[in-house]
Enquirer: 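Could you have a look at this structure, given as structure tokens, before my questions?
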Amino acid sequence: AEMNWQTLGDLLFADTGIQSRRLQATPLQGGNINQAYRLDDGRHRVFVKLNRGDRLEMFNAEQAGLETIRNCGSIRVPEVYATGCIADQAFIAMEYIELSGKINEAQFALALAAMHNCNQQRFGFDCDNTIGSTAQPNTWTDNWVEFWRHYRLGFQLELARKNNLEPQLIDAGEGLCEILHRLFSDYQPQGSLLHGDLWQGNYAADNFGQVVIYDPACYFGDHEADLAMMELFGHPGERFFEAYRDAFDINDGYRLRRDLYNLYHLLNHANLFGGGYAAQALRMMQKLRSQV
């Protein structure tokens, strides 16, 4: 179905000043989950993502995540103007930010550390959201190991079972879940505000070199989980980690737990795309089990 841009433009006028009668919608490259567009009336620009009407909850959760990060006041995120449905198409409309600057690693590190210092006593989030296109449950939990066991690894292992992934993978995962607490014998993480999906496709710098993060899968959890993801697909560089450590200490056990946190994303990729990710996840489980 073709989006009625005029209707959307009228809806956004009060917040953005955008003129629907002059509106041009340009499709953008990028995400494979949603269709993305830039709306432009010659003076104002808005970034819009579209999906099926039944995916509106996903956009509402994205808005909740972006607003939580924004309220924390430490790192830039696009401002969300509206989410909703027009005909049977769900949309999220937000600030359009040109992302062509060069990242200052040290500045990025300090901003992220400040965000991770926005914390909660418990682990979870006020709503469930998605990691890629997979559901991500965020039920508030007092104990971090329990949270990771049930709502991260356990949830992905259930999906793996439904998707008929190798029994060996599921057995190894369940075995690992039983000894998770050993990775936390001398480390009690606090509930830091996490982006949740911080691979290098989800952060960039604006024209002034200020880092912007987007497409979050927010929850409150161990700050190491965000750091680990940054090392899974790409790497922010050693200068980033040096600067980060000055603001937020990184425990010595991080090297080992990094694999535990990235295992979640590898299992998610195995569930979404199959193939080599399942083998990679199994190797990571075997490595973890041998080191615990």
Enquirer: Between Glu95 and Glu79, is there a donor-acceptor pair closer than 3.5 Å when you use the side chain of the first and the backbone of the second?
Expert: yes
Enquirer: Just by modelled atom types, is the Ala278 backbone N or O under 3.5 Å from a matching donor or acceptor in the Glu166 side chain?
Expert: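 No.
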Enquirer: Would a distance-only check, ignoring hydrogens and angles, find a side-chain to backbone donor-acceptor pair under 3.5 Å from Arg149 to Cys177?
Expert: yes
Enquirer: For Gln120 and Arg122: C-alpha separation, side-chain torsions, deciding distance, then whether side-chain hydrogen bond (donor to acceptor under 3.5 Å, both in side chains) applies.
Expert: CA-CA 5 Å; Gln120 286 268 6; Arg122 295 180 301 159; 5.8 Å; no
Enquirer: Mind checking ring pair (Phe, Tyr, Trp, His ring centres under 6.0 Å) for Tyr254 and listing every partner two or more places apart, or none if nothing turns up?
Expert: none
Enquirer: Is the backbone N or O of Ala135 less than 3.5 Å from a side-chain atom of Asp128, with the two atoms forming a donor-acceptor pair by type?
Expert: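 The answer is no, because no donor-acceptor pair under 3.5 Å joins these two groups.
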Enquirer: Looking only at heavy atoms, which two atoms of Leu157 and Gly173 are closest? And how far apart?
Expert: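 In this case the closest contact between Leu157 and Gly173 is CD1-C, 3.6 Å.
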Enquirer: Taking everything shown except Gln286 itself, do over 12 heavy atoms lie less than 6.0 Å from its CD?
Expert: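 Above 12, so yes.
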Enquirer: Does some side-chain heavy atom of Phe220 sit less than 4.5 Å from a side-chain heavy atom of Phe125?
Expert: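 Yes - at least one pair of side-chain heavy atoms lies under 4.5 Å apart.
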Enquirer: Under a 4.5 Å cut-off applied to non-hydrogen side-chain atoms, are Ile103 and Tyr203 in contact?
Expert: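 Contact flag for Ile103/Tyr203 side chains = yes.
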Enquirer: Let me know which of Arg283, Gln291, Lys287 forms a side chain to side chain donor-acceptor pair (under 3.5 Å) with Asp259.
Expert: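 Result: among Arg283, Gln291, Lys287, Lys287 is the only option passing the side chain to side chain donor-acceptor pair (under 3.5 Å) with Asp259.
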Enquirer: Say whether, by atom type as modelled, one donor and one acceptor occur between the side chain of Thr141 and the main chain of Thr139 under 3.5 angstrom.
Expert: yes
Enquirer: Is a donor from one side chain sitting under 3.5 angstrom from an acceptor on the other, for Asp40 and Gln24?
Expert: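 Note: Asp40 and Gln24 side chains miss the donor-acceptor criterion.
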Enquirer: Is a side-chain donor or acceptor of Asn34 paired with a backbone partner of Asn51 at a separation under 3.5 angstrom?
Expert: no
Enquirer: Applying ring-ring contact (aromatic ring centres under 6.0 Å, His included) between Tyr264 and each of Trp148, Tyr151, Phe155, Tyr219, report the one that passes.
Expert: Trp148
Enquirer: Is the count of non-hydrogen atoms from other residues, nucleotides or ligands lying under 6.0 Å from Glu146 atom CD greater than 12?
Expert: yes
Enquirer: Do His195 and Met115 have side-chain heavy atoms sitting under 4.5 Å apart?
Expert: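 Sidechains of Met115 and His195: in contact.
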Enquirer: Which heavy atom of Glu224 sits nearest to which heavy atom of Asn251, and what is that distance?
Expert: OE2-CB, 3.8 Å
Enquirer: Okay, side chain of Asp41, backbone of His44: is any donor-acceptor separation there less than 3.5 Å?
Expert: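 Present.
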Enquirer: Classify the side-chain pair Arg152/Asn138 by whether it contains a donor and acceptor separated by less than 3.5 Å.
Expert: yes
Enquirer: Check whether any side-chain N or O of Asn202 sits under 3.5 Å from a backbone N or O of Leu198 as a donor-acceptor pair, and report yes or no.
Expert: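 No.
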Enquirer: Output the rest of the hydrophobic cluster of Val212: all Ile, Leu, Val, Met, Phe, Trp and Tyr residues reachable through side-chain heavy-atom contacts under 4.5 Å, sorted by chain and number.
Expert: Ile97, Leu99, Tyr214
Enquirer: Is it true that Glu242 and Arg239 make a salt bridge, defined as a side-chain N closer than 4.0 Å to a carboxylate O?
Expert: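 Salt bridge between Glu242 and Arg239, a charged N being under 4.0 Å from a carboxylate O: no.
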